[in-house]
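Reviewing the structure listed below.
Every chain is numbered from 1, with letters handed out A, B, ... down the list of sequences.
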Amino acid sequence: GEATIIDAWSFTEAGDKSLRVELERAFNLTSDLGLVAEVFFTKGMGAIRAFKPHPFSPIRPALAERLNTAAEIFEKLGACAVEGKYDGFRLQVHMSAGKVEIYSRKQERVTHMFPDVVAGVKKQMRAREIIFEGEALAYNEDTGEFLPFQETITRKRKYGVSKKAEEMPLRMFAFELLYLDGKDWTNEPYHARRKKLTEIMGKGDVVALAKNVIVKTPKALQKFFDECVSSGLEGIVAKDLSAPYVAGARKFAWIKLKRSYSEKLADTIDVVIVGFYYGKGKRTEFGLGGLLTAVKAGDRFRTVAKIGTGFSEAQMREFHDSLSKISSKQKPAEVDSLLTPDVWVKPRVVVEVKADEITRSPVHKCAWKDNEGLALRFPRLMRVRTDKGADDATTEKEVVELYELQKHASA
DNA sequence: TGTGCCTGCCC
DNA sequence: ATTCTGC
DNA sequence: GCAGAATGGGCAGGCACA
């Protein structure tokens with residue numbers, strides 16, 4: 001990847017990797033390897049050290065690590081800032097001389113998809129030149145509810161943009177200021193970035209500041225997390241008050257805590273394996289890349305998720321061996337599935353799977369009705385339930401109940 | 001014109 | 001997105 | 001600790017084909 005290329009440049013000049021960090025910073029601030037190369041080879045390291053972001057070159061976004069409890073986060077950061085985590089898509093907005101461009105998390109130009117955001121930014125941000133970030137999502141003004149990610153994502157489109165924008169206006173929750181009127185803000189501490197962002201935010205319906213507090217105790221952190229979750233957010237992101245904005249890195253300056261990390265707030269269900277896939281790359285050697293799993297509905301087994309993560313290499317070998325022994329040439333008669341695994345398996349083995357939430361599905365047969373079923377979002381294997389048989393698996397009815405519960409929980 | 005399959009990008 | 005593994 | 005490589009659900013859009 002880019003790291004290898006940058007290392008190579010460092011070698012040509014210094015004979016080792018010593019220039020890597022600075023070259024990488026230049027790349028992270030512009031997402032433009034060509035530009036970094038040109039500057040490096042024509043002007044040298046002095047110009048690389050002087051690199052700063054500028055409008056219309058997307059900055060590679062800072063990323064967050066994760067921890068599982070508020071206590072662990074506080075141990076790591078001490079007193080810190082905490083922001084609500086919104087379940088939409090991340091946008092980086094650039095504005096200069098009245099022109100606005102919007103970039104996605106992967107630095108794609110997505111301006112044309114969000115005319116409503118563009119208009120809101122022009123109207124609300126009191127700046128000549130700015131780069132800032134936030135999360136955009138669909139929002140119901142009347143009920144105050146956020147729409148599920150599945151709805152928000154339909155705004156990511158090429159055609160029918162203005163009609164869709166009218167039907168489903170977005171709201172953008174801003175959380176980072178990176179550049180303002182010629183000044184690079186990425187090296188400023190978080191508290192300064194946030195203060196400045198607050199100062200330049202004008203009133204309006206589109207852009208708002210992300211919910212934010214400063215906490216001085218683990219208890220306060222936990223309380224804010226609970227508030228966020230009960231108001232329908234995914235969780236929180238905690239930030240080191242004195243840390244700069246570290247572009248393109250997963251540093252412990254940002255730590256996320258999602259509601260699904262907690263045992264109590266996650267959906268953990270027991271599913272039956274009905275098939276498996278051989279897998280690609282490294283997994284070829286284990287003979288298993290993933291599992292097709294189902295819940296129980298009377299005498300039937302209806303698919304609810306594929307599981308492709310959470311097992312160790314040893315576990316993959318074990319699954320391959322044990323499942324091969326109960327394989328079936330064809331789909332077992334009692335299984336309802338639109339998907340075809342590489343190997344069908346008699347529904348016998350139960351595994352515990354964790355998921356962030358339950359979503360409507362066009363491909364999974366659980367609770368299938370009117371061409372739509374239910375599926376798990378972010379399914380991962382927790383453990384094998386050797387103590388359970390197929391009859392003890394979670395039922396379709398229980399999944400429906402969890403789905404209903406989840407809908408009402410976010411009010 | 002409509003359907004199904006595949007890809008790329010969101011998470 | 002989550003998770004595991006080699007470095 | 002970090003980077004890389006496996007993998008998940010699902011959306012819009014492109015393309016082949018009926």
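Atom CZ in F286(A) sits about 10 Å away from atom P in dA6(D), given to the nearest Å. Following rounding to the nearest Å, L339(A) (CG) and dG8(D) (C1') show an atom-to-atom distance of 12 Å. Between F114(A) atom CZ and dA12(D) atom C1' the separation is 12 Å, expressed in whole Å.
Where G160(A) and K306(A) meet DNA chain D, the nucleotide closest to each residue was compared, and K306(A) sits on the side nearer the 5' end. Across the interface with DNA chain D, nearest-nucleotide mapping of T154(A) and Y277(A) shows Y277(A) to be the residue nearer the 5′ end.
Taking A247(A) as the reference, N28(A), L29(A), I59(A), Y245(A) meet the side-chain contact (heavy atoms from CB on, under 4.5 Å) condition, with sequence neighbours excluded. With sequence neighbours left out, E352(A) forms a side-chain contact (heavy atoms from CB on, under 4.5 Å) with T268(A), D270(A), M382(A), R383(A), R385(A).
E101(A) pairs with exactly one of R109(A), H94(A), Q92(A) by the side chain to side chain donor-acceptor pair (under 3.5 Å) rule, that one being R109(A). Checking each of Y103(A), F173(A), F114(A), F149(A) against F89(A) for a ring pair (Phe, Tyr, Trp, His ring centres under 6.0 Å) leaves exactly one that passes, namely F114(A). With E234(A) as the fixed residue, the salt bridge (Lys or Arg N to Asp or Glu O under 4.0 Å) test singles out one of R66(A), K258(A), K256(A): K258(A).
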Output a table of nitrogen or oxygen pairs between the protein and nucleotides 2-4 of chain D separated by less than 3.5 Å.
none

Considering only nitrogen or oxygen atoms on both sides, find all protein atoms under 3.5 Å from nucleotides 3-7 of chain C and state each distance.
unit_1 : atom_1 : unit_2  : atom_2 : d
dT3(C) : OP1    : R380(A) : NE     : 2.9
dT3(C) : OP2    : R66(A)  : NH1    : 2.5
dT3(C) : O4'    : T309(A) : OG1    : 3.0
dC4(C) : OP1    : G310(A) : O      : 3.3
dT5(C) : OP1    : E313(A) : N      : 3.1

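Taking the six-membered ring wherever Trp is involved, the centroid distance between the rings of F146(A) and Y86(A) falls below 6.0 Å. Separation of the F286(A) and F311(A) ring centroids does not fall under the 6.0 Å cut-off.
Listed by residue number, the members of residues 355-375 of chain A with any heavy atom below 4.0 angstrom from DNA chain C form an empty set.
A donor-acceptor pair is defined here as one N or O able to donate and one able to accept, closer than 3.5 Å; such a pair exists between the side chain of D392(A) and the backbone of G389(A). Checking side-chain atoms of E396(A) against main-chain N and O of R302(A) turns up no donor-acceptor pair under 3.5 Å. Remark: the backbone N or O of E133(A) is not paired with any side-chain donor or acceptor of R90(A) at under 3.5 angstrom. For E83(A) (side chain) and N212(A) (main-chain N/O), no donor-acceptor pair under 3.5 Å exists by modelled atom type. Using a distance-only test at 3.5 Å, with no hydrogens or angles considered, a donor-acceptor pair links the side chain of K296(A) to the main chain of G298(A).
Taking side-chain N and O atoms only, K256(A) has a distance below 4.0 Å to OP1 or OP2 of dT2(C). A sub-4.0 Å separation between OP1 or OP2 of dT7(D) and a side-chain N or O of Y278(A) is absent. Between K280(A) and dA6(D), a side-chain N or O to OP1/OP2 separation shorter than 4.0 Å is absent. Not one side-chain nitrogen or oxygen of Q150(A) sits closer than 4.0 Å to the OP1 or OP2 atom of dG9(D).
Here the NZ atom belonging to K331(A) is positioned 6.0 Å from the CG atom belonging to D336(A), to the nearest 0.5 angstrom.
D356(A) has no carboxylate O lying under 4.0 Å from a charged side-chain N of K85(A), or vice versa, which leaves the two without a salt bridge.
Within 4.0 Å of G290(A), counting heavy atoms only, lies no atom of the nucleic acid at all.
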In B/S/- notation, 5' to 3', how is nucleotides 4-11 of chain B contacted by protein heavy atoms closer than 4.0 Å?
-----SSB
